[in-house]
Novice: 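First the structure, then my questions, so here it is.
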Amino acid sequence: MSARRTATASVALQHAPGGPFCLETVELGPLAADEILVRTAGVGVCHTDWTAAAGTVPLPTPFVLGHEGAGTVTAVGAQVSTLAVGDQVVLSFDACRSCPQCTAGHPAYCVLSAALNYTGTRPDGTTTISLKGRPVHGSWFGQSSFATHAVASVRNAVKVPPGPDGLPLDILGPLGCGLLTGAGTVFRVLRPSPGQSIVVFGLGTVGLSAVMAAAVAGCDPLVGVDPNPVRRHLAEALGCTHTLDPAASEDIGWSLAEITGLGADFTVDTVGSGTVVRQALEALRTPGSCATLGLQSLENDITIDQGHLLMGRTLTGVIEGDAEPRVLIPHLIELWHQGRFPFDRLVERFPFQRVEDAVDAARSGKVVKPVLVFD
Ligand SMILES: [Zn+2]
Ligand SMILES: [Zn+2]
C-alpha cells in the first residue's frame, strides 16, 4: 500500500474491559511521516496484555492490544529512511528518542512513555485504527499487534539482522518485551560476573529469560524458584544449577542459604507480591542486589525490612530490562543462533483465531509464552 492510502486488517478488538476479543475488519492509516505498516507474522501474549484486557490498566474503548509483534514492513511513511518495504522487524515498546532518558540510552524510562504506550492514540490524539469511520484505540506499546497488520514507527521497530537460515520470524515478537525484560535485567542492570550467584523467583517468560541470560553470564549457582514442576524442569534445561518449589520448602530462606552459602549476589523477583519481594531481599548476601520486575497493579504497597537493606543491599525496580531494544534484540538473536538463548523452548504457537485460548493458556500458566501466528 502507499503510505497515503488506508489498508484493512483483521484485529482482535475489545469493546469493553473484561469483554471477549472480537475479530473485526478495521481500517489502518494513512501513515504519519515516521510510521510503518507491518504485516504481522506472529505476536506474543504478554502478562500486561491480559491484565490490561481484564481492566487493570484504564484504556479508552474500543481498543486493540498486543505488543510483542514481529513481521514484515509493507509500507513506510514519507520520512522513513532507516526501514524499507520487505524488511523484517521486531516491534518493541515506544519511546520518544529525544528526551534526556532516551538520549542517555534508557528509552524504557522515556518521559513520554505513558503517552506513547498506554493512551490508545498518537501523541496528537488521532488513532491509527478506525472501524466504519469511528476511532479505535490502538498504539498500545506503539503497535497494537493483535492484528494481521499493525502501524508502528521507526522509533520502536527493530530490524532483524541478516543471519544464518532458520530464524523463525513468527516467534521473534516476545524479544520486544518479555524476553527483553528478563535478559536486560541481568545484562544491563545486575551485570553479574562469572561465578557469582543469582536466584530467580518466578519462572515465566521473564524469569526464564533471566535464567538464560544468567547462564550466558556464567552465574553459578543459578537457582530458579517456582511452584510449577514443568517450569522448574524447563529452567534446569535452560541453565539452572538448582531449582526449588516454594510450596514444598518449609523455610525457603534456609533452603537457599544451603545452596548460596552467605546468600546470593543477585536476586530477581518476577512475581511482585510482598512475600516474594521479601524472600528475594532476604536471600541476598551483603552486599547484594535485588531487581523487582513483577507487576501486580499500578499501586502495590509492600513492607520490607529497612534494617536488612542497610547492610549494603540494594532493591531496584526495572521496566523492560532498562534495555535499548536496538542493541539488545539483535544481541539476543545472535545468542539464539549460537544456541545460547533458546527462547523457542518457551513458545507455543496458536492460530490468530484462537486468541481467547492463547490468553487463557497464558493466564492459567499452561503455556509459558503463547504466540499468535498468521497464515
Ligand atoms: Zn524519551
Ligand atoms: Zn509485555
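Whatever order the structure lists them in is the order used to number ligands and atoms, beginning at 1. For the numbers below, each heavy atom of this structure counts, side chains included, while hydrogens, waters and symmetry mates do not.
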Novice: Is the shortest distance from a Lys or Arg side-chain nitrogen in Lys369 or Glu68 to a carboxylate oxygen in the other one below 4.0 Å?
Specialist: yes
Novice: Quick check: closest heavy atoms across Trp336 and Pro168, and the distance to 0.1 Å?
Specialist: CH2-CD, 3.6 Å
Novice: For Thr267 and Ala280, which heavy atoms make the closest approach, and how far apart are they?
Specialist: OG1-O, 2.9 Å
Novice: Kindly give the heavy-atom pair with the smallest separation between Gln14 and Phe21, and that separation in Å.
Specialist: OE1-CE2, 3.4 Å
Novice: Is there a donor-acceptor contact under 3.5 Å linking the side chains of Thr243 and Glu236?
Specialist: yes
Novice: Minimum heavy-atom separation for Ala291 to Leu190, with atom names?
Specialist: CB-CD2, 4.1 Å
Novice: Listing by chain and number, what protein N/O/S atoms are under 2.8 Å from the Zn ion (ligand 1)?
Specialist: Cys96 SG, Cys99 SG, Cys102 SG, Cys110 SG
Novice: So His47 and Trp50, would you call those rings parallel, tilted or perpendicular, with 30° and 60° as cut-offs?
Specialist: perpendicular
Novice: For the Zn ion (ligand 2), which protein N/O/S atoms fall under 2.8 Å? Skip waters.
Specialist: Cys46 SG, His67 NE2, Cys177 SG
Novice: Decide side chain to side chain donor-acceptor pair (under 3.5 Å) for Glu24 and His15; before the verdict, give the C-alpha distance in whole Å, the side-chain angles of both, and the deciding distance to 0.1 Å.
Specialist: CA-CA 11 Å; Glu24 303 258 19; His15 291 281; 3.1 Å; yes
Novice: Go through the side-chain N and O atoms of Ser92 and Asn156 and say whether any donor and acceptor fall under 3.5 Å apart.
Specialist: no
